[in-house]
Amino acid sequence: MQRLDHAVGPVEGGFRHVMITAPSARRPLSRPARLLTAAAVLALTVTLAGCVGTGTGVRTSDDDILPPAVASPGVGTTQARPPQPPTDTATPTATPTAMSTARSTARVLPERLPGLGPRTLAKIPADARQVVLVTGEGRNSSTLRTVLYRRTGDGWEAGPIWPAHNAREGWTDDHHAGDLRSPIGVFTLTDAGGLLPDPGTELPYDRSGGFTIGGTGFAEEPLAGSFDHVVAIDYNRKPGTSPLDRTRPLGAGRGGGIRLHIDHGGPTHGCVSLQRNHIRHLLRALDPDRHPVIVMGDAESLAR
C-alpha cells in the first residue's frame, strides 16, 4: 500500500495549510522519517481543534462565546467573526416601584375646600358643585384672590388664582348700606347680566342699558364699563331676578346690589371686581345645574 506524506505549510488567513504528497518510490520510511511524520499529524490535529473548538461559536474564554462563524463571500473557507459589543434591545418595563412612584406623584384633590373652618363649611349647601372662593388678605384690606373650585368624584379641583378687589374698608359680618365693607358669608349665584351681550353663560342673563355707569372711583379711576358683565351675589336680594332688581328681603338698611363685576383698578363700595377676561371666563364656567355659590371674606374669618 502506498504511504502518503504530510507536510505542514505556513499560516494564511488564520489557517495552516497541510500538503499531502506521495513518495516518489515505494521504499519503506526510515525510523526518523516515521517519527517526523507522526509528529506532523499530531500538530495538524492540535491546530484544527484550536480553530473550531466546540459548540456553535468560538470561545475565547470560559465566560465569553462569540457569535457563530460566517462564510466570507467568494471564499470556500469559514472565518470567525470579530467580537461584537454587547447590545441591550430589551424593552423597558414598568416595575411595581416605578408605578407606585407615579401614583404617589399624581395630583391629589382635597376632600374639602382649603382655608375654610367648620362654621364656614357648614354654610355651603350640600348640592353645591361649584364654589367661587374669595379670600381677602385682611379684615381691613381691599385686595383679595379668587379661585373657582369644581367638585369632582376625587375632590375639589381648583382653577387659576385671579387677583381682585373688594370694598375699600375691607370686610364685615354685619353689612349695612354705606359702610364700604363687603359682606362675609356664603351666597348663591343664580343670575347674570350686563351692558354687553351674553358671553355664553348658562345663567339667566339680562342685557340692559340699566347697567350703564359713569364717574370715577376712590382712586379717581374711571368706572365706565364696570358693569359690562356682572354676576349677582345673592346677598339681600331675590334669587331668580335680574341683577337690577331692587327687592331687599332684609330691608334697605342692610344694603344690596352686591355683585361680581369688571375691575376698574381700585376698591369698590361692597362688590367683588375681577379683570374683564376673568369675569367672562367665570360667566362661561358657571353652571346652574352645579348650584354655584360664592364663599367670601377675609382669610381669618373664613377659617372659623
Side-chain angles (χ1 to χ4, degrees), residues 124-125 127-134 144 146-150 159 162 164-167 175-178 180-217 221-296:
I124 300 176
D127 61 354
R129 292 294 180 268
Q130 284 182 319
V131 171
V132 180
L133 181 55
V134 173
L144 54 88
T146 303
V147 179
L148 173 61
Y149 283 88
R150 182 175 67 94
W162 297 327
H165 285 100
N166 55 285
H175 178 69
H176 284 75
L180 298 181
R181 290 184 178 270
S182 298
I184 298 171
V186 178
F187 311 104
T188 54
L189 301 172
T190 57
D191 304 282
L195 185 64
L196 297 184
D198 180 354
T201 185
E202 295 294 325
L203 298 176
Y205 188 91
D206 177 28
R207 185 188 180 188
S208 170
F211 292 101
T212 303
I213 186 175
T216 58
E221 75 278 13
L223 300 178
S226 298
F227 296 161
D228 284 352
H229 301 296
V230 308
V231 179
I233 295 174
D234 292 341
Y235 165 80
N236 198 21
R237 70 176 299 270
K238 182 180 179 181
T241 61
S242 167
L244 295 174
D245 185 79
R246 299 188 64 84
T247 303
R248 302 290 181 256
L250 301 178
R254 297 294 303 275
I258 308 296
R259 305 163 178 168
L260 287 155
H261 63 73
I262 296 172
D263 188 69
H264 43 76
T268 70
H269 283 76
C271 298
V272 174
S273 61
L274 300 170
Q275 294 178 18
R276 181 177 294 269
N277 59 321
H278 296 159
I279 196 75
R280 289 174 62 87
H281 178 97
L282 180 64
L283 277 164
R284 288 191 289 265
L286 292 176
D287 181 355
D289 291 337
R290 291 182 171 271
H291 309 284
V293 299
I294 185 170
V295 179
M296 52 193 287

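Just so you know, these numbers use all the heavy atoms, side chains as well, and skip hydrogens, waters and symmetry mates. In what follows, residues are counted from 1 in the order of the sequence shown.
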Shortest non-hydrogen contact from [X] to [Y]?
X	Y	answer
Asp234	Phe187	O-CD2, 3.8 Å
Ala232	Leu189	O-CD2, 3.6 Å
Asn236	Pro249	OD1-N, 3.2 Å
Gln130	Ala285	NE2-O, 2.8 Å
Val147	Tyr149	CG1-CE1, 3.4 Å
Pro199	Tyr205	CD-CE1, 3.9 Å

With rounding to the nearest 0.5 angstrom, report the [atom1] to [atom2] distance, [X] to [Y].
X	Y	atom1	atom2	answer
His176	Leu250	NE2	CG	9.5 Å
His261	Ser226	NE2	OG	6.0 Å
Asp263	Glu221	CG	CD	8.0 Å
Leu274	Thr146	CG	OG1	5.0 Å
Thr268	Leu223	OG1	CG	10.5 Å
Ile294	Ile124	CD1	CD1	11.5 Å

Is the closest side-chain heavy-atom distance between [X] and [Y] below 4.5 Å?
X	Y	value
Val132	Leu286	yes
Arg280	Asn277	no
Val293	Thr188	yes
Leu180	His269	yes
Arg237	Asp191	yes
Leu196	His229	yes
Met296	Leu144	no
Arg254	Tyr235	yes

* Asked: Do the side chain of Arg207 and the main chain of Gly194 share a donor and acceptor less than 3.5 angstrom apart?
  ->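 No, the answer is negative, given that no donor and acceptor are paired below the 3.5 Å cut-off.
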
* Are there more than 12 heavy atoms of other residues, nucleotides or ligands under 6.0 Å from atom CZ of Arg284? -> yes

* Asked: Under a 4.0 Å N-O cut-off, is there an ion pair linking Lys238 with Asp245?
  ->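 Salt bridge flag = no for Asp245 with Lys238.
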
